[in-house]
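A quick write-up on the structure given underneath.
One-based numbering along the sequence shown. Everything numeric here is computed off the predicted structure, so don't read it as measured data.
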Amino acid sequence: MSTRLTRAAVLLAFAALPFTSAAAQVTTIDFAAHGGNDFDDIVQTFGDHLNLDVIYQTRTTFGNAPQLCTSTDYWGPGYSNLTAATFACQNGSVGEMFFQPLNGSSVWLQSLDIGSWPSTNGVGPTRAYSLFVYDTGWNVLYSSIGTVDATVNLTPNVSSSSGLYLQWGTDWDTGLNNITTDVSPSVVATPEPASVALLATGLIGIAGFARRRRVAA
């Protein structure tokens, strides 16, 4: 009986521990901060941070298709009411952003805005768009097919520890901005040192209680 009691107490003690992990890093890629001239290539380091590498390119079509350009392009205001946007380097092609998590992290693609060019008072012509998010095995994790004139906000809210491909097209008059990602550790969380000390003290007390019960028996 005492052995079962001791085991149960240990399990409860572990379950009650407050666990901590490294903080998540939430960032929003706003191409207004990129600046430059219209039709400039997006700089490949734009949007990178310690735990995330962002890679831009344009493909001939969706999925693992041949590469058309080694980047996507920049445009200032003019896509709906977006402050700036990135778009495929050639009309009829597919823009791509690859989010590569680093240092044992996972990346969540939370949300993004898509707009139509050229806009008047924040509204562009009605453009058809297709948008897909793939994992590194080219499995579709999210898709949105529709039209845009005023800015459309999409919330894929998908994640991967190996990376995510975001692709959109096929009209280069549809552009993206405000891409929000959340990069978090993939490792198992570790308990706080103070909690470990508290657990050790509790286990010593439990062991002493069990010994006293055996002696009394």
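- Closest approach of P101 to S161, counting heavy atoms only: CG-O, 3.4 Å.
- Crowding of D38 atom CG: a count of heavy atoms from other residues, nucleotides or ligands under 6.0 Å exceeding 12.
- Relative orientation of the Y74 and H34 rings is parallel, given thresholds of 30° and 60° on the angle between their planes.
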Dump the intermediate steps for side-chain contact (heavy atoms from CB on, under 4.5 Å) on L154 and Y129, then the final yes or no. CA-CA 12 Å; L154 301 175; Y129 75 85; 3.8 Å; yes

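- In this structure, the side chains of L166 and L131 come closer than 4.5 Å at one or more pairs of heavy atoms.
- Between W75 and F31, the distance separating the two ring centers is not shorter than 6.0 angstrom.
- Inspection of the T181 and T27 side chains reveals an N or O donor paired with an N or O acceptor under 3.5 Å.
- Within the 3.5 Å criterion, the main-chain N or O of T174 finds no donor-acceptor partner in the side chain of D171.
- Residues S184 and A24 share a closest heavy-atom pair of OG-CB, 3.2 Å.
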Could you go step by step and tell me if I29 and M97 meet the side-chain contact (heavy atoms from CB on, under 4.5 Å) rule? CA-CA 11 Å; I29 298 176; M97 297 174 66; 3.9 Å; yes

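- Contact of the F98 side chain with the L164 side chain is not registered, since no non-hydrogen atoms from C-beta on lie closer than 4.5 Å.
- A side-chain contact (heavy atoms from CB on, under 4.5 Å) with V152 holds for exactly one of L112, I114, D113; it is I114.
- A distance-only check finds a donor-acceptor pair linking the side chain of Q100 to the backbone of S162 [under 3.5 Å].
- Under the 3.5 Å distance criterion, the side-chain polar atoms of D173 are left unmatched by any main-chain donor or acceptor of S116.
- Looking at V140 and V133, their side chains never come closer than 4.5 Å, going by heavy atoms from C-beta outward.
- Here the side chains of L82 and N178 are in contact, with some heavy-atom distance below 4.5 Å.
- Rounding to the nearest 0.5 Å places CG of D73 at 11.5 Å from CG of N37.
- Nearest heavy atom pair, residue S159 against residue L141, reads O-CD1, 4.1 Å.
- The side-chain heavy atoms of I179 and F99, taken from C-beta on, include a pair separated by under 4.5 Å.
- Atoms CZ and OG, from R127 and S80 in turn, are 10.0 Å apart once rounded to the nearest 0.5 Å.
- For the side-chain contact (heavy atoms from CB on, under 4.5 Å) criterion with T86, the lone passing option out of W168, Y79, F46 is W168.
- Counting only distance, with no hydrogens or angles, the side chain of S119 and the backbone of N81 share no donor-acceptor pair below 3.5 Å.
- Of all heavy-atom pairs between G63 and Q167, the closest is N-OE1, 2.7 Å.
- Considering OG of S93 and CZ of F62, their distance stands at 9.5 Å, rounded to 0.5 Å.
- T136 contributes no side-chain N or O that, together with a main-chain N or O of G163, makes up a donor-acceptor pair within less than 3.5 Å.
- Judged by distance alone, with hydrogens and angles left aside, the side-chain atoms of N91 form a donor-acceptor pair with the main-chain N or O of W172 at under 3.5 Å.
- Checking side-chain atoms of S186 against main-chain N and O of G104 turns up a donor-acceptor pair under 3.5 Å.
- In this structure the side chain of V107 reaches within 4.5 angstrom of the side chain of L52, judged on heavy atoms.
- The distance from the CD atom of E96 to the OG atom of S71 is 11.0 Å, given to the nearest 0.5 Å.
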Go through the steps for V183 and W108 under the test side-chain contact (heavy atoms from CB on, under 4.5 Å), then give the verdict. CA-CA 6 Å; V183 179; W108 287 80; over 6 Å; no

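- Contact between T70 and Q44 at its shortest, heavy atoms only, is O-NE2, 2.7 Å.
- T72 and G95 get closest at one heavy-atom pair: CG2-CA, 4.1 Å.
- In this structure, the side chain of R59 engages the main chain of A65 through a donor-acceptor pair within 3.5 Å.
- To the nearest 0.5 Å, the span separating CG on N51 from CD on Q25 amounts to 6.0 Å.
- Transitive grouping of hydrophobic side chains (ILVMFWY, heavy atoms separated by less than 4.5 Å) brings F132 and I55 into a common cluster.
- With T180 as reference, V26 is the one residue of V26, D30, L109 to meet the side-chain contact (heavy atoms from CB on, under 4.5 Å) rule.
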